[in-house]
Amino acid sequence: MGCGFKKMSNKSFIPLELSSWNRLETFNYYTKIANTTYSINLDFDVSETYNKLKEMKLKFFPTYLYLVTTVINKYEEFRIAKVDNILGYWDKLTPAYPIFHEEDNSVSLLWSEYIDNYYEFYQNYISDTKAYKAPNGILSTKGLPLANSYIISCIPWFTFNSFSLVNHGISDYFLPSFEASKFKKVDNRILMPLSITVHHATIDGYNIKEFVDELQFLFNNPKIF
């Protein structure tokens, strides 16, 4: 992957059948252009989920991690990667996220392996953030994320209207990245600004539309997770 993540068994990585892949021409075109990542910034109405979590005394951030990852894992386009120079897709992605150290206002990268069960994932997140809370530079004491990790974060101190991540010359990296910001209230609704950064070689606007619709549906229906 070229990002220094932990290797995983190839059983969790599925090579693409390029001869029948309907996106091959598009992929080849956009990978020949210098920088074809782009960001889309949207507001998600998280009122129903926020209020439900408050009622249950549960945290929003791990719920946000779980829901975004759940939707990602429904769509192959968001899981495309290159492993050992083979183009394919992960059977599932796992979130890698920052933890903030109040002792020195620094941030370290932590990860919690995705489990398709909200309460199990939530408890793993709580355990991980307690066990690996101590400051340890750019990486937490848990070490390198799994190879099938993607970056998801939040800037909770202020609200933004737009946010763009820049690919600093990293080649063959096609996984999406997500950055949320502080909530804002509009007409008694709670909105979460979210920036979605993707690679045009693997993801078009319609793919993002599918993702957005599914994620908003889950935020509107917290009883189902």
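Only a predicted model underlies this, so the values are computations on that prediction, with no experimental measurement involved. One is the number of the first residue; the rest follow in order along the sequence. All values below were derived from every heavy atom in this structure, side-chain atoms included, with hydrogens, water molecules and symmetry-related copies excluded.
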With a 4.5 Å limit on heavy-atom distance, are the side chains of [X] and [Y] in contact?
{"X": "Tyr75", "Y": "Ile203", "result": "no"}
{"X": "Ile196", "Y": "Val212", "result": "yes"}
{"X": "Ile208", "Y": "Tyr38", "result": "yes"}
{"X": "Arg23", "Y": "Asp204", "result": "yes"}

Report the distance from atom [atom1] of [X] to atom [atom2] of [Y], rounding to the nearest 0.5 Å.
{"X": "Ile190", "Y": "Phe44", "atom1": "CD1", "atom2": "CZ", "answer": "15.5 Å"}
{"X": "Leu58", "Y": "Ile126", "atom1": "CG", "atom2": "CD1", "answer": "8.5 Å"}
{"X": "Phe174", "Y": "Ile80", "atom1": "CZ", "atom2": "CD1", "answer": "8.5 Å"}
{"X": "Tyr29", "Y": "Thr31", "atom1": "OH", "atom2": "OG1", "answer": "11.0 Å"}
{"X": "Lys52", "Y": "Met56", "atom1": "NZ", "atom2": "CE", "answer": "6.0 Å"}
{"X": "Asn124", "Y": "Thr129", "atom1": "CG", "atom2": "OG1", "answer": "10.5 Å"}

Check ring pair (Phe, Tyr, Trp, His ring centres under 6.0 Å) between Phe100 and all other residues, then give those that pass, not counting sequence neighbours.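 Per chain and number, Phe100 pairs via ring pair (Phe, Tyr, Trp, His ring centres under 6.0 Å) with Trp157.
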Using ring pair (Phe, Tyr, Trp, His ring centres under 6.0 Å) as the criterion, list what pairs up with Tyr119, not counting sequence neighbours.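 Here no residue qualifies.
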For [X], side-chain contact (heavy atoms from CB on, under 4.5 Å) partners two or more places apart:
{"X": "Ser153", "answer": "Pro98, Glu179"}
{"X": "Ser108", "answer": "Ile99, His101, Ser140"}
{"X": "Leu18", "answer": "Leu16, Trp21, Leu24, Leu87"}

Evaluate Phe121 against Ser112 for side chain to side chain contact (heavy atoms under 4.5 Å, CB included), listing each step before the verdict. CA-CA 8 Å; Phe121 176 83; Ser112 297; 4.1 Å; yes
What residues, two or more places apart in sequence or in another chain, satisfy salt bridge (charged side-chain N to carboxylate O under 4.0 Å, His left out) together with [X]?
{"X": "Glu120", "value": "none"}
{"X": "Lys182", "value": "none"}
{"X": "Asp116", "value": "none"}
{"X": "Asp213", "value": "Lys209"}

Classify the ring geometry of Phe183 against Tyr50: parallel below 30°, tilted from 30° to 60°, perpendicular beyond 60°.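 Ring orientation, 0 to 90° scale: perpendicular.
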With no hydrogens and no angle check, is any side-chain donor or acceptor of [X] less than 3.5 Å from a backbone partner on [Y]?
{"X": "Thr202", "Y": "His199", "value": "yes"}
{"X": "Asn41", "Y": "Phe163", "value": "yes"}
{"X": "Asp91", "Y": "Ile14", "value": "no"}

Keeping to residues at least two apart or across chains, list the side-chain hydrogen bond (donor to acceptor under 3.5 Å, both in side chains) pairs with something in residues 54-67.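 Listed once each, the pairs are Thr63-Tyr118.
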For Tyr97, run the ring pair (Phe, Tyr, Trp, His ring centres under 6.0 Å) check against Phe178, Tyr132, Tyr150, Tyr125 and tell me which one passes.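 By the ring pair (Phe, Tyr, Trp, His ring centres under 6.0 Å) criterion, Tyr97 pairs with just one of Phe178, Tyr132, Tyr150, Tyr125: Tyr125.
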Running the 4.5 Å side-chain criterion over Ile, Leu, Val, Met, Phe, Trp and Tyr, what cluster does Tyr206 land in, apart from itself?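 None; Tyr206 is a cluster of one.
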Going by atom types alone, do Tyr173 and Thr37 pair a side-chain donor with an acceptor below 3.5 Å?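 Per modelled atom types, Tyr173 and Thr37 side chains form no pair under 3.5 Å.
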Could you list the donor-acceptor pairs under 3.5 angstrom formed by side chains in residues 214-225, with sequence neighbours left out?
| from | atom 1 | to | atom 2 | distance (Å) |
| --- | --- | --- | --- | --- |
| Glu214 | OE2 | Lys74 | NZ | 2.6 |
| Gln216 | OE1 | Asp45 | N | 3.1 |
| Gln216 | NE2 | Asp45 | O | 2.8 |
| Gln216 | NE2 | Asn220 | OD1 | 2.9 |
| Asn220 | ND2 | Gln216 | O | 3.4 |
| Asn221 | ND2 | Phe217 | O | 2.7 |

Ring centres under 6.0 angstrom apart (Phe78, Phe211):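 Yes.
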Count the heavy atoms of every other residue, nucleotide or ligand shown that sit under 6.0 Å from CD of Glu25, and state whether that count exceeds 12.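 Result for CD/Glu25: open.
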For the hydrophobic clusters of this structure (ILVMFWY residues joined by side-chain heavy atoms under 4.5 Å, transitively), does one cluster hold both Phe158 and Leu191?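 No, Phe158 and Leu191 fall in different hydrophobic clusters.
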Verify the cluster assignment for Val186 and Phe160: are they in a single hydrophobic cluster under the rule of side-chain heavy atoms below 4.5 Å apart?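 Each belongs to a different hydrophobic cluster.
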